[in-house]
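Worksheet: one structure, shown below.
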Amino acid sequence: MMRLLKVYTMKYNFNDIEAKWQKYWSDNQTFKASNSSDKPKYYVLDMFPYPSGAGLHVGHPLGYIASDIYARYQRHKGFNVLHPQGYDSFGLPAEQYAIQTGQHPAVTTDANIKTYRRQLDQIGFSFDWSREVRTSNPEYYKWTQWIFIQLFESWYNNDSNKAEDIKTLISKFSSEGNTTVNAACDDNIQPFTAQDWNSYSSEQQQEILLKYRLTYLAETEVNWCPELGTVLANDEIVNGVSERGGYPVVRKKMTQWSMRISAYAERLLQGLDTIDWTDALKETQRNWIGKSVGATVKFPILSFPNGEENASSKTPGYMTGGNNSHLLIERAQDMRANPTPAESALWYELRGKKLNAKFRQQHLINDFIVDFVCLDRKLIIEVDGKIHDNQIEADALRTQRLENDGYKVIRFRNEEVLRDTNNVLEEIKRQLSQRKSLKNEKVLPPGKDLGWDKNSGLEISVFTTRPDTIFGVNFMTLAPEHELVSQITTPDRKEAVEAYIEKTAKRSERERMADVKTISGVFTGAYAEHPFTKEPVQIWIGDYVLASYGTGAVMAVPCGDQRDYDFANHFGIDIPNIFEGVDISEEAYGSKDNVKIANSDFLNGMNYKKASKRAIYELENIAQGEGKTNYRLRDAVFSRQRYWGEPFPVYYVNGMPQMIDKAHLPIVLPEVEKYLPTEEGEPPLGRAKKWHWLQYGDDVKIVSKEAFENSSPLGRLGGELELNTMPGWAGSSWYFFRYMEDAMRKDTFASEEALSYWENVDLYIGGSEHATGHLLYSRFWVKLLKDRGFVNVEEPFKKLINQGMILGTSAFAYGFGVGLKIKNEEKIPEAVEKGCKIISKYIIPKESYEKAKSGEYAGLVESVINKKMLELKDYGLDAEFDEELSTFIPFHVEVEYVNSSDELDVEAFKKGSRYKGLEIDEIFTEEEGVYKVGRDVEKMSKSKYNVVNPDNIVADYGADSLRLYEMFLGPLEQYKPWNTAGITGVHNFLKKMWKLYVGETGLNVNEVEPTKDNLKTLHKTIKKVAEDIENFSFNTSVSTFMIAINELTAQKCTSKDILEPLLVLISPYAPHIAEELWSQLGNSDSISTTAFPIFDSSHLVESSKNYPISFNGKMRFTLELPMDMNKEAIEAAVLANEKTIAQLDGRTPKKVIVVPGKIVNIVG
RNA sequence: GCUGAAGUGGUGGAAUUGGUAGACACGUUGGACUUAAAAUCCAAUGUCCAUUAGGACGUACGGGUUCAAGUCCCGUCUUCAGUACCA
């Protein structure tokens, strides 16, 4: 019995050791952080998980292991370490499960959290669980709601460059109005005076304030996902479909809460320079914020004189803009039948190509009836009677519009025609000769000085990053959705424009994105005036202009922008060149560099920088533009039509949102019977019958929705409740502050002392997929909390590392569905009756599969076919092989049934559910009776049957092996495939290590003096491991440990002076075995706060060096020489060596390079 | 298209400032132990030539700088990631 026990203790029994120390840590609260300490603080944080039903797979703990190693290392280094963990427990999957099963999401979530906790505990993390947070806990989301109210009660003052209390804005309004306020706000703000403000009703005031608040209610075009029944933020959409589920997303207008994150665009951008994140991640955020510096330019729209409408009403049918072309045609016929004498006379001269040009009389051009027209030459002849004098203006306008379409209009008076017919004909001939055939000509730009009314009151504002190219503008393009399109489109273009808008609206975002090459657009018929040249500029619409960026309009500079260039080319618009010495015959010159501006009046000869500055100056001078910085960052939609999220602390009175007093928080999520929207289309909260609500006095009462809504409008009551909930990122935007408290405090989200002690996160580890979501929103909320004086840091995460993903190694089997054509079909029913199976599916070896797929039905596959045919024959069926009917598919098999040699455990696989689902008839193995699977690296996922559960790994190899192996796989940031077979490497290392400490006969460590080699091994390990941890190069330290243990084993080291400090080095990586051996060496305390060993370089000093001797750069042999030998002596020693002589083979070296302590290179 | 990262044995990956390429493992092969298997231990393992001794080639490809290049420079290709008509 004793002997047995002894043997047992000699063995590395990882399961017992790990359970023992996990219990010890938990019982002794070893990793509970204190909020007061003499030690410096260090805050290590992981991105907290969403507790999904599937539990953890081996990929999930990767980042946690890395951060745990760092946290443990920092404890050894003497820091007071905060290393908490919690759960981002609001989320879609629990809600969808609730919709399917009726189980409350809280119940699902709790169960999932239990699994997570068990799985996390068994890996031996040094988390301080006393600070655990759950975002779905009312005590937690109370403060999420509280922060929401803070946002509502804040506005962003661009002058002080920070958020301020809304009260300061109100007092400004009531004393100065809004004209002196420089705030981040909606762009449709009307100026008002203090007097105006004070005369507004409460509702009017609230409406205005809403345009300034940092969270505001607005009708916005949102990304609506019908399948999920909710809106999504931009970062929740990937390639035009929802990130979760991959459902289509459409644009829809809805009233939603939004977060004015755009107010912080510049600070979010600047802040990136102050934090230690990877360049890739910073770049992603920079792109997302999308700052561009340039100018806005206002182009006044030229419009027709006001007489237009009147003229048309005075003379019905003569001019009209409506849809009554049939009336016009009737009228034209009428006029043709009843010509005036002058018309009649002229028609006699023009008809029948008498002037070598075909003329038509009383012809409809667009919306006008013209007297005579030659369509080919686009020449119009008007013969005016007395009526013309009454409508000179209208006729001039008519002329202009016709000329805009490329027509030339010439006018004669009745008397002229009748009196001087020949002169008139001469003039017509002259005009005809000047106008060549215009059949295929595109729309021409009109001439100067059209005399149009510039005071249409309309203008188009554009944003450009190239104000220096302003003189290159010869048209503009609006997004089809641009609000001015319908107002400026001329009647004659209306049909075309509307058709185009309809066409583009039909195209989904996705189609529009996929089809970048096709150029499309349409002319609106309208013109704007160039701010400097005063030339008219055509206004087009085109879908290459996005409504959501800038002002939804661009000034087109075809010579300087490829898209404008292509557009101009496509529609035959001129491409004026404003660059000196640049060839634009092939493509636009898009670069800002190495070019001077030409043909640009006051900008001539200037470079980009100078010209931009000057252009902005001149624009500001004439009040038609200004310098402007534009950001791509959009305000974030904050409402979700879901149940499982934070309820808003909001109700509405007369349609205006009111905050529930902070004293009444939390507003607890009410119970509902179903987790679906109501029949009326309200979010699920609309089903709630009872709301927890503090109503009267200080008592908490449970009130029904109806009771609330029907209550007196006095005080807080009356109105409607907000039925949306907050998005997933609400709770995760501030959780790192909540961890700073010792317990769940009710009076504050985190105390001032805690906040000032822990400040912010020193090291944050998590996935890069949160780059434009969580990591940006958190930064935004922290800046707000800082501005409002609740925290004292500007950034939440000082250093951030993105761990790479661990990929799965999927296993494939190859299916062959035998396709046989049955010749005597009539016998099928009879055969089936007897139990014949017509269709059979087999698993065949990969090689056979590939041959068969390429049409070679040899060997195995042929025998399979024959076998099936014989089987059918037994049932009286004649069959022949038909390739068309056959199927070949590789499919995933569960990786747990595959061993390290890629061999499938056929028996186990047959028992599994996957096999049953596939209804395989037989598995054909290879000659040795094994089935080898195919392999491929893919994302780890249930549907690919390649998920490896850490529970099994821990049970088979232990947590320390798992921790070491995850680190050993490769660099932390890198994507790398998981291969369970490889874990034996690190597991063997731990066994070897155990053996070194605990020998055959018991503990093998004594007080013997360490040897020089022992010390050398220890100290080079100390040096390397410390460097590695500080560089987050965890994979290389694992190798270093292996080398150290291999060396010490070879040295037969038993010295406590070596083996004890070595445990501290290994402890962050493999804490259980380190603790166990540490205690076996006689220590009573946990190893976790033992000081990290100090590196002593004196142990690494060598007396000799094994010099590599190379010839022409190629190493041939090595030579051991004393370290203190000088250059000359080394050279002499090397040259005298017989191997050198043999290498040189009689040649004399041209040159000998000696780098003492490094290398010798002989040239020659 | 643009931006960023990367490309090294059968596999994962090492290689400090340019200085012995392939550390450390996995896998494979051979051997020891065993009735056998597992476990463990030992040896070999970049490719090619050669019995050996040894030699040639070799870090995606093509050039260059250097006594010396996986590493620095120029060009090309490929892969991955992000982003996409951003005016």
Side-chain angles (χ1 to χ4, degrees), chain A residues 238-239 278-284 286-288 290-292 294 462-466 469 476-477 479 512-519 542-546 548-557 560-564 566-567 590 630-632 768-769 771-772 802 804-805 809 900-902 935 937 964-965 968-971 973-986 988-989 991-992 995 1024 1027 1031 1033 1035-1043 1046 1106-1118 1142 1149-1155 1157-1164:
Chain A
V238 179
N239 295 329
T278 60
D279 289 339
L281 194 64
K282 287 188 188 179
E283 200 56 30
T284 305
R286 282 194 195 105
N287 287 339
W288 192 260
K291 179 180 183 174
S292 28
V462 300
F463 175 73
T464 178
T465 55
R466 297 294 302 275
T469 62
M476 346 187 24
T477 315
R512 245 166 104 168
M513 273 200 279
D515 180 25
V516 178
K517 294 261 154 60
T518 314
I519 295 162
D543 68 358
Y544 79 97
V545 179
L546 304 177
S548 57
Y549 184 76
T551 60
V554 299
M555 57 176 225
V557 184
D561 182 291
Q562 194 57 43
R563 289 157 307 168
D564 296 343
D566 294 340
F567 193 87
N630 201 43
Y631 298 91
R632 179 183 172 267
S768 56
E769 67 273 20
T772 52
N802 294 125
M805 199 184 286
T809 312
S900 59
S901 309
D902 294 348
R935 290 286 201 176
V937 172
L964 281 172
Y965 188 51
F968 187 62
L969 279 178
E973 301 92 332
Q974 205 166 296
Y975 278 54
K976 54 222 167 229
W978 176 269
N979 175 16
T980 303
I983 201 171
T984 54
V986 294
N988 283 342
F989 155 72
K991 285 202 271 191
K992 256 190 225 172
K995 219 165 144 187
K1024 178 81 170 113
E1027 278 170 7
N1031 295 322
S1033 173
N1035 56 325
T1036 49
S1037 346
V1038 179
S1039 315
T1040 307
F1041 294 141
M1042 290 173 172
I1043 293 167
N1046 287 345
N1106 197 19
Y1107 279 94
I1109 312 300
S1110 48
F1111 292 80
N1112 297 321
K1114 287 189 203 311
M1115 206 282 283
R1116 291 300 171 203
F1117 61 92
T1118 59
K1150 285 188 191 126
K1151 205 170 172 189
V1152 180
I1153 311 278
V1154 177
V1155 184
K1158 283 226 163 130
I1159 201 169
V1160 177
N1161 190 18
I1162 296 161
V1163 188

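Since the model is a prediction, treat every value here as computed from it, not as a measurement. Residue numbers begin at 1 in each chain, while the letters A, B, ... track the order of the sequences.
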Side chain to side chain contact (heavy atoms under 4.5 Å, CB included) filter on A:R563, not counting sequence neighbours, yields A:Y544, A:D561
A:K1024: what forms a salt bridge (Lys or Arg N to Asp or Glu O under 4.0 Å) with it, not counting sequence neighbours?
A:D1028
d(CG, A:L546; C1', B:U83) in whole Å
14 Å
Value in whole Å for how far the P atom of B:C26 lies from OH of A:Y965:
10 Å
Please list, pair by pair, any protein nitrogen or oxygen found under 3.5 Å from a nitrogen or oxygen in nucleotides 3-9 of chain B.
none

Identify, with sequence neighbours excluded, every residue that meets salt bridge (Lys or Arg N to Asp or Glu O under 4.0 Å) alongside A:E1027.
A:K1023
Taking atom CG of A:L969 and atom OH of A:Y975, what is their separation to the nearest 0.5 Å?
15.0 Å
Can you tell me if the side-chain N/O atoms of A:R632 get under 4.0 Å from OP1 or OP2 in B:A87?
no
From the set B:C26, B:A87, B:C24, return the single nucleotide nearest to any side-chain atom of A:N979.
B:C26
Please give the nucleotide sitting opposite B:A32 as a Watson-Crick or G-U wobble pair, both distances under 3.5 Å, or none.
B:U40
Could you state the CD1-C1' distance from A:I1109 to B:A68, rounded to the nearest angstrom?
14 Å
Partners of A:K291 by salt bridge (Lys or Arg N to Asp or Glu O under 4.0 Å), sequence neighbours excluded?
A:E266
Name the residue closer to the 5' end of RNA chain B, choosing between A:G982 and A:M555 according to the nucleotide with the nearest heavy atom.
A:G982
CG of A:D279: more than 12 outside heavy atoms within 6.0 angstrom?
no
Of all residues at least two apart in sequence or in a different chain, which pass the side chain to side chain donor-acceptor pair (under 3.5 Å) check with A:T278?
none
Under 3.5 Å, is there a donor-acceptor pair linking the side chains of A:N1161 and A:K1151?
no
Remember a base hit wins even if backbone is also touched, and classify A:T984 as base, sugar-phosphate or nothing at under 4.0 Å, heavy atoms.
sugar-phosphate
Hey, does the side chain of A:N1046 come within less than 4.0 Å of B:A23's phosphate (OP1/OP2), counting only N and O?
no
Only pairs with both distances under 3.5 Å count, Watson-Crick or wobble alike; so what is the partner of B:G82 in this structure?
B:C2
Taking side chain to side chain contact (heavy atoms under 4.5 Å, CB included) as the test, write out the residues that go with A:D566, two or more places apart.
A:I519, A:Q562
According to side chain to side chain contact (heavy atoms under 4.5 Å, CB included), who are the partners of A:K1158, at least two apart in sequence or on a separate chain?
A:V1155
With sequence neighbours excluded, what pairs up with A:K1114 under the side chain to side chain contact (heavy atoms under 4.5 Å, CB included) test?
A:R1116
From the options A:V462, A:V545, A:D543, select the one residue that forms a side-chain contact (heavy atoms from CB on, under 4.5 Å) with A:T477.
A:V545
For nucleotides 37-41 of chain B, which of its nitrogen or oxygen atoms have a protein nitrogen or oxygen under 3.5 Å away, and what is each distance?
residue	atom	partner	partner atom	Å
B:U40	OP1	A:N988	OD1	2.8
B:U40	OP1	A:K991	NZ	3.4

List the protein contact pattern of nucleotides 12-20 of chain B with one symbol per nucleotide (5' to 3'): B for base contact, S for sugar-phosphate-only contact, - for none; contact means a heavy-atom distance under 4.0 Å.
BSS----BB
Distance, rounded to the nearest Å, where A:I983 contributes CD1 and B:G27 contributes P
12 Å
Base versus backbone protein contacts along nucleotides 55-66 of chain B [heavy-atom cut-off under 4.0 Å; B, S, -]:
SS----------
